Chemist: 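Pasting a structure here, questions to come.
Computed from a predicted structure; not experimentally measured.
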Amino acid sequence: MSESLYPFVNKTTYDRRALAALNDLAEKSVRKKKSQVTRLLCYVLGLIGLVAGAFLHKASPMISNLLLLYGVILLLGGISWKSFRLRSSQRQLQRGMQECTYEFDDDEMICTTEAGEQRYSYEQVFAVVCDQDWYVLFFDAGHGVIIDRKGFIEGNDLFFKSFIGQHTQLPIQEF
């Protein structure tokens, strides 16, 4: 297919910056509640582990040390939440998916990578979120694609925003 058939063509690189932005926008929108609860749970269970470990220190040093270690690990997980999410996203990114070319026509979005071609109907889009550098089209709370606003080689960012809003029939959440 010729790229000229499509009103919009975008090239996006899924590097650390893109994955961090994807996670941040997910945490501000579709995964906000889950992220807050999980992080709070890390803090609460970490504190419980530390208190229980200190309390059981004389009675059972081995269990006490395990509880203290468990508490420290959970607290560090809560403190370094963004780094943890970024490492997790990098591990989940399939081989050959780092360079994406997105083509948007009237019926579907086509994502072409070294790993192959994927097609997404606009009806699959659950939410559209953007900030000053990125668009994210979420297909559910845990899966979405991020599009670099500077990556348009056909069409432009301003017209794309209108186009995607009309084709998904969703309000675009801006952060």
Chemist: Please determine whether a side-chain nitrogen of the Lys or Arg among Glu174 and Lys28 lies less than 4.0 Å from a carboxylate oxygen of the Asp or Glu.
Modeler: no
Chemist: I'd like to know whether CD of Gln169 has more than 12 heavy-atom contacts from other residues, nucleotides or ligands below 6.0 angstrom.
Modeler: yes
Chemist: Should we count CD1 of Ile79 as having more than 12 external heavy atoms under 6.0 Å?
Modeler: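 Enclosed: over 12 neighbouring heavy atoms sit under 6.0 Å from CD1 of Ile79.
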Chemist: Between Arg119 and Glu103, is there a side-chain heavy-atom distance shorter than 4.5 Å?
Modeler: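 Result no, sub-4.5 Å side-chain heavy-atom pair not found.
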Chemist: Could you tell me the separation between the NE2 atom of His167 and the CD atom of Glu123, rounded to the nearest 0.5 Å?
Modeler: 11.5 Å
Chemist: Begin with the C-alpha distance, continue with both residues' side-chain angles, and end with the deciding distance and a verdict on ring pair (Phe, Tyr, Trp, His ring centres under 6.0 Å) for Phe139 and Phe126.
Modeler: CA-CA 5 Å; Phe139 302 111; Phe126 170 75; 9.9 Å; no
Chemist: For the atom pair CG (Asp140) and CD (Gln124), what is the distance rounded to the nearest 0.5 Å?
Modeler: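 Here the interatomic distance stands at 10.0 Å.
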Chemist: Flag yes if more than 12 heavy atoms outside Arg17 fall under 6.0 Å of its CZ atom; otherwise flag no.
Modeler: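 Yes, the 6.0 Å shell around CZ holds more than 12 heavy atoms from other groups.
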Chemist: Calculate, to the nearest 0.5 Å, the distance between atoms CD1 and CZ belonging to Ile164 and Phe104 respectively.
Modeler: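 The distance works out to 5.5 Å.
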Chemist: I'd like to know whether CZ of Phe159 has more than 12 heavy-atom contacts from other residues, nucleotides or ligands below 6.0 angstrom.
Modeler: no
Chemist: Enter the distance from Met109:CE to Tyr122:OH here, rounded to the nearest 0.5 Å.
Modeler: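 Here the rounded value is 7.5 Å.
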Chemist: Do the non-hydrogen side-chain atoms of Arg85 and Glu27 ever get within less than 4.5 Å of each other?
Modeler: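 Side chain of Arg85 against side chain of Glu27, heavy atoms only: contact under 4.5 Å found.
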Chemist: Please report the shortest heavy-atom distance between Leu74 and Leu45, naming the atom on each side.
Modeler: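 Taking every non-hydrogen atom into account, CD1-CB, 3.5 Å.
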Chemist: Does Asp133 pair with Arg149 as a salt bridge, N-O distance under 4.0 Å?
Modeler: no
